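Read the numbers this way: they start at 1 and go in the same order the structure lists the ligands and their atoms. Please read all numbers here as calculations on a predicted model, not as lab measurements.
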Amino acid sequence: MNAATATNEFLGHPKGLYVCFLTEMWERFAFYGMKALLFLYLTKYHLFNDSNGYVLLGTYAGLAYALPLLGGIIADRWLGMRKAVLFGGLLLVLGQLGMAYTGNAATGTVGAAVQDATAIQVMYLSLALIAVGVGFLKPNISTIVGRLYPENDPRRDSGFTIFYMGINIGAALSSLIVAYIGENFGWGYGFALGGVMMALGLVQFMAGQKHLMGQAEPPNPSALTKGVEGAIYALGFVTTLIVWWILQTKINFEPLTRLAGGHQVTLTEVVAVAMGTGLVVWFGIFMFSGITALERGRMILLMLLITVSALFWGIYEQSYGTWVAFAERGMDRTTFGIEWTAGQTTSFGAIFVILFSPLFALLWPKLDRHGLNPSLTAKFGWALILCGLATGLLMLAAQKPGADGLVSLWWMIAAYAVLVLGEMMLSPIGLSAVTTLSVPRVVGMMMGAWFLASAFGEMVAGRFGTWAEVNPNADGTYDIANALAVYGNVFGKLLWIGVIAGIVMLLIAPIMKRIAKGPNSREPSELVPTNWF
Ligand code: GLN
């Protein structure tokens, strides 16, 4: 190691890794703090009915996962990652601070509430700023991490491991702190705290950007004139305005409404379906564009995994919707001598990820050595079964309230443990599978497709949420027994959806394994994935 590299390193990794770690940690802090509060804020403060709350949560988070496809392309072609992160971070701070303007609380009752229309418009605009900000920041900060290491550098995997730990530390801290402050002291204070910490993360990124070793600069600096750069930022703001409109626009078309169980479909969902259809058409053409049979088999497997992941996230993301509602309305949230707020319960997921990740990093190589490493399709099958079972635990919980009519929080802790076991089988594995199964020249696009599936998952989650609508009494209280019956019923349905889809995946696993396997090779991504927490 020469002196120059040594001074640019800390604890055996490039200093730039820690710069990215902290930036993404505070970005996720803002993102997940917001997610923990959003449903509660919409239903308790602005008196949205449950269905509208779930659908807005789903469409907003869906957009935040769909836009990285565009943010990645813009940075790859013109802006470079460093500038994209700075711009995305700025939008995020503006969005979080915009959320801090809460205006007046709605008066009246759900369904007949008088809402503060200005505050609600500020909120939609703020959510749009955040979604576009995530689009610019999230894909690019991850790409920078990869670029800090020379090709074939064995430290890259552990670099990603450290980076993803940052994601979950940010998520855990914010669910604990932002939710607590937002629910107890005022919604706006919680959102503002997310914005302040994101701003500090951004200042940290600016101070540390010299450690990125020029790896995140524009690909063709002479083409990025001041005019082009200005136009990109202007486009970012125009996109924000479009997203502001899309986010709140519903489609008035009876057959679609009927399809969605009597709830109007949003323009966001229509845009997402159009993007997904475009992807499927492209895939169909690509299958016949001179690729080998093995490449075709692997791409088919990859598309199956991506599609199935949308269903997984649809069940998983209940944790920020129906699970929060269940915790708020039907649980005794005191345990360890602490009374948790409903939003704070979302921290259990990230905490379990931090606890389980090292175990899985040890487990996969061990299973692999004994020839017991399940195939990709089987892992995804187990992931679905586990997220179904996690929901099943909550179904049982809803049927077994204590003497006070409330359910113990331990059920939720157990459900999160099972849910995160499922996550470990799918989220890290899927990312790794994208890079190994994809034909190399379209890997960037397939990564975008992977996140688009998360976007679909968020929206599907919102729709599942509409099955769980519970209306408060005129005085704002809830009939707890009725709420528990509704949640138990929905969790029961999701249990079966997860388990049945998972069993189907296990059944087709041998076929998928065969088509993705070369004559002398193994299915590539049975290889140990260590690059994600
Ligand atoms: N929890 C991870 C993150 O926030 C991945 C979530 C996802 O892909 N849906 O980055």
Side-chain angles (χ1 to χ4, degrees), residues 20-21 23-36 57-69 71-72 88 92 130-131 133-135 137-146 160-175 194 198 272 305-321 346-357 360 380 383-384 387 416 419-435 446-462 529 531-533:
C20 295
F21 172 98
T23 312
E24 178 63 346
M25 184 176 110
W26 292 122
E27 185 269 330
R28 291 286 99 180
F29 181 91
F31 184 74
Y32 281 113
M34 163 75 139
K35 242 172 134 184
L57 174 69
T59 47
Y60 147 73
L63 278 165
Y65 278 111
L67 289 167
L69 187 60
L92 276 162
I130 296 174
V134 172
L137 192 146
K138 187 159 169 60
N140 295 313
I141 195 83
S142 322
T143 311
I144 300 176
V145 173
F160 267 105
T161 302
I162 295 169
F163 177 72
Y164 284 114
M165 199 57 130
I167 287 181
N168 286 290
I169 294 174
L173 283 178
S174 71
S175 313
M198 183 63 240
L305 298 179
I306 289 176
T307 310
V308 162
S309 77
L311 178 60
F312 173 85
W313 294 118
I315 301 176
Y316 178 97
E317 292 293 342
Q318 293 308 310
S319 50
Y320 290 91
T346 61
S347 66
F348 301 148
I351 292 170
F352 278 120
V353 173
I354 295 168
L355 292 177
F356 289 169
S357 297
F360 276 83
F380 274 51
L384 280 165
C387 79
Y416 264 110
L419 185 74
V420 171
L421 286 178
E423 180 179 359
M424 296 281 100
M425 302 263 184
L426 179 136
S427 184
I429 314 288
L431 273 187
S432 159
V434 171
T435 58
M446 295 314 285
M447 194 57 98
W450 172 257
F451 281 113
L452 193 60
S454 280
F456 268 106
E458 296 278 2
M459 293 179 208
V460 168
N531 67 345
W532 159 284
F533 256 21

* Minimum heavy-atom separation for Leu92 to Glu27, with atom names? -> CD1-CG, 3.6 Å
* Is any side-chain heavy atom of Val353 closer than 4.5 Å to a side-chain heavy atom of Tyr164? -> no
* Ser175 and Thr346: side chain donor to acceptor below 3.5 Å -> yes
* Structure fact -> Near Ser454 (heavy-atom distance under 4.0 Å), the atoms of ligand 1 are 7 (C), 8 (O), 9 (N)
* Asked: What do we get for Tyr65 next to ligand 1 when only non-hydrogen atoms under 4.0 Å count, side chain, backbone, both or neither?
  -> side chain
* Asked: Under 3.5 Å, N or O to N or O, is Arg28 touching ligand 1 that way?
  -> yes
* To do: Would you name the heavy atoms of Phe380 and Gly430 that are closest together and state the gap between them?
  => CZ-CA, 3.9 Å
* **contact_flag Phe31 ligand 1 heavy-atom lt 4.0 Å** => no
* Counting each atom of ligand 1 from 1 as listed, which ones have a heavy atom of Tyr32 under 4.0 Å away? -> 1 (N), 2 (C), 3 (C), 4 (O)
* Does the pair Tyr320 and Tyr32 meet the rule for a ring pair (Phe, Tyr, Trp, His ring centres under 6.0 Å), with working shown? -> CA-CA 9 Å; Tyr320 290 91; Tyr32 281 113; 5.7 Å; yes
* Asked: Any idea which heavy atoms bring Ala172 and Ala350 closest together, and the distance?
  -> N-CB, 3.6 Å
* Asked: So is Ser427 polar-close to ligand 1, meaning N/O to N/O under 3.5 Å?
  -> no
* To do: Output yes when the distance from some N or O of ligand 1 to some N or O of Asn168 is under 3.5 Å, and no in every other case.
  => no
* To do: Say whether Glu458 and ligand 1 are in contact under the criterion: heavy-atom distance to a ligand atom below 4.0 Å.
  => no
